[in-house]
There are 2 protein chains.
Amino acid sequence: MPPHCSICDLREVCFPCDLMLQGTGHGNPMVISDRRIKQGETLFRAGDDFHYLYTVRSGFFKTVQTLEDGREQVTGFQMSGDMLGADAIGPHFHGCTAVALEDSRVCAILYSHIDSLGDTMPELQHRLHMAMSSEIVREHSVMLLLGMMTAKERVAVFLLNLSQRLKARGYSPTEFVLRMTRRDVGSYLGLKLETVSRMISKFRDDGLVSAAQRHIRVLDLAGLKRCIKQVEN
Amino acid sequence: MPPHCSICDLREVCFPCDLMLQGTGHGNPMVISDRRIKQGETLFRAGDDFHYLYTVRSGFFKTVQTLEDGREQVTGFQMSGDMLGADAIGPHFHGCTAVALEDSRVCAILYSHIDSLGDTMPELQHRLHMAMSSEIVREHSVMLLLGMMTAKERVAVFLLNLSQRLKARGYSPTEFVLRMTRRDVGSYLGLKLETVSRMISKFRDDGLVSAAQRHIRVLDLAGLKRCIKQVEN
DNA sequence: CGTCCAGTTGACCTCCATCAAAAAGTGTGG
DNA sequence: CCACACTTTTTGATGGAGGTCAACTGGACG
């Protein structure tokens, strides 16, 4: 497993950072880096035993939660630096399925080692806390979105958030390709795919974005932001 | 601060359990137990500096998240044993406000000590992970509720979930008093208070519950469960 | 006893879901 | 390279679940 954290592009955003370099001393390397997942394949499935936390090295994932009756919802989209699998620490098995939306690479970190390494690497523990806490914060904002926002606002928030995250990773915040279908976007936002399509068309008609299928160009960032918060409650 | 974890009723559900007994060795007690919060008062407010994680000893809280434009949503209800404040670990300040819905008591645990105590108490770290992970799981299920369920299903899920949690704490699962207003319930479920009221009235008309204001008696648990999953998607 | 807030219920309306059809894109095998 | 099948996206027409507005009821409390 060639690439180690010290030379990883994600040192700044990946939660274990380069703390893992020295391994565990148990004879096993703590990080399995550069596991590859092809587009459409799963990193883990709901119900799988929990052993590893993952961080995305490159590529794009969605996590899907399923209800007993078969209904399912996308609970998140993960890109480079994002953590996957933390919801499995409590129950000891994965509650959602992680699907690669393009060919991707991940690092896998053996959780049992993180959990028992507080003594030698207190900083590592703290970073895991930070990552999990951030996930809770993110989910609170999704709850606000799902509970309080109109369809137009939801799609605007989605695009702005994606733009923001791409920018933070050095990509263009104004021109990008969606890796997920309208159905996935709708599922994440609590909308039907037709509604997502309509809202994007509306943004196009209003001159806020230019959109051809999954290729999005944001023309008026401020205008998109103005689409939010125009509802009173 | 008289009551210590070893004699606490919540040993089984409270995440730090009785691991805290010995204090930190820094001269400060690690746990401030039995802090009292009166009905209507806040334990912390959005924007407050983060120092303590809390667990509810007795009473009932709601957490409220606010959007820039003033819209706000209830993101959770917490009862004995539940943790409060974990969303502040990452940002170092609280993102939501915790309001006591009845006179309540909490334990406060100094986070900086948890964070630096991995060496002496690895089990404590793991329990914090578990608690945070469980919160993520819970929020995933709320996302499903907000994104996929009808008003009737949401209210049924809410009542069943409350019943379940009360039962786990030794209270009657079929007869209880809501500590929150219809507006709070609606905010949590992404519904208007009138809709919540209508759904409860409907359950009453269907003989599933008897409800007089906040006093709820569940008459047909199985019937309530059947209200869920009758939607196809 | 009057005030105030929470809760209930009704009438109406709006936003988004649903259903449908066509267009555009993608992949596969001949 | 093209034909064909299949998926994704767009757009229109219609309907329904839940929001909005309003009136009324009933406890709680001074």
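So that the names make sense, note that chain A is the first sequence line, chain B the second, and so on, each numbered from 1. Remember, it's a predicted structure, so these values are computed and weren't measured experimentally.
Taking atom NZ of residue A/K192 and atom P of nucleotide D/dG12, one finds them 21 Å apart after rounding to whole Å. Straight-line distance from the CD atom of B/E153 to the C1' atom of D/dG18: 14 Å, rounded to whole Å. The CG-P distance, from B/L146 to D/dG18, rounds to 13 Å in whole Å. Summarising the geometry, the separation between CE on A/M199 and P on D/dT11 is reported as 13 Å, rounded to the nearest angstrom. Residue A/L193 contributes atom CG, which lies 10 Å from atom C1' of D/dT10 at whole-angstrom precision. One atom, CZ of B/R198, and another, P of C/dG7, lie 15 Å apart when rounded to the nearest Å. We find that CZ of A/R214 is positioned 5 Å from P of D/dT9, with the value rounded to whole Å. The nearest whole Å value for the distance from the CZ atom in B/R179 to the P atom in C/dG7 is 13 Å.
Contact check, A/Q213 against C/dG25: a side-chain N or O comes under 4.0 Å of OP1 or OP2. In this model, the phosphate group of D/dT10 is approached by a side-chain N or O of A/R182 to a distance below 4.0 Å at OP1 or OP2. B/T195 has no side-chain polar atom (N or O) that falls below the 4.0 Å cut-off from OP1 or OP2 of D/dG18.
Backbone-only contact: A/R204 has heavy atoms under 4.0 Å from sugar-phosphate atoms and none from a base. Across all strands, A/S201 comes closer than 4.0 Å only to sugar-phosphate atoms, never to a base (heavy-atom distances). In this structure, B/G186 reaches neither bases nor backbone, as no heavy-atom distance under 4.0 Å exists between it and the strands shown.
Defined by atom type and a distance below 3.5 Å, a donor-acceptor pair is present between the side-chain atoms of A/E175 and A/H215. Side-chain polar atoms of A/R169 and A/S80 form a donor-acceptor pair below 3.5 angstrom.
With contacts defined as side-chain heavy-atom distances shorter than 4.5 Å, the pair A/M149/B/R71 qualifies.
In the interface, the side chain of B/E194 is paired with the base of D/dC21 through a donor and an acceptor atom under 3.5 Å apart.
The pair B/E41-B/R36 does not count as a salt bridge, with every side-chain nitrogen at least 4.0 angstrom from each carboxylate oxygen.
Between B/F44 and B/H94, the angle of the ring planes stays under 30°, which puts this pair in the parallel group of the 30/60° scheme.
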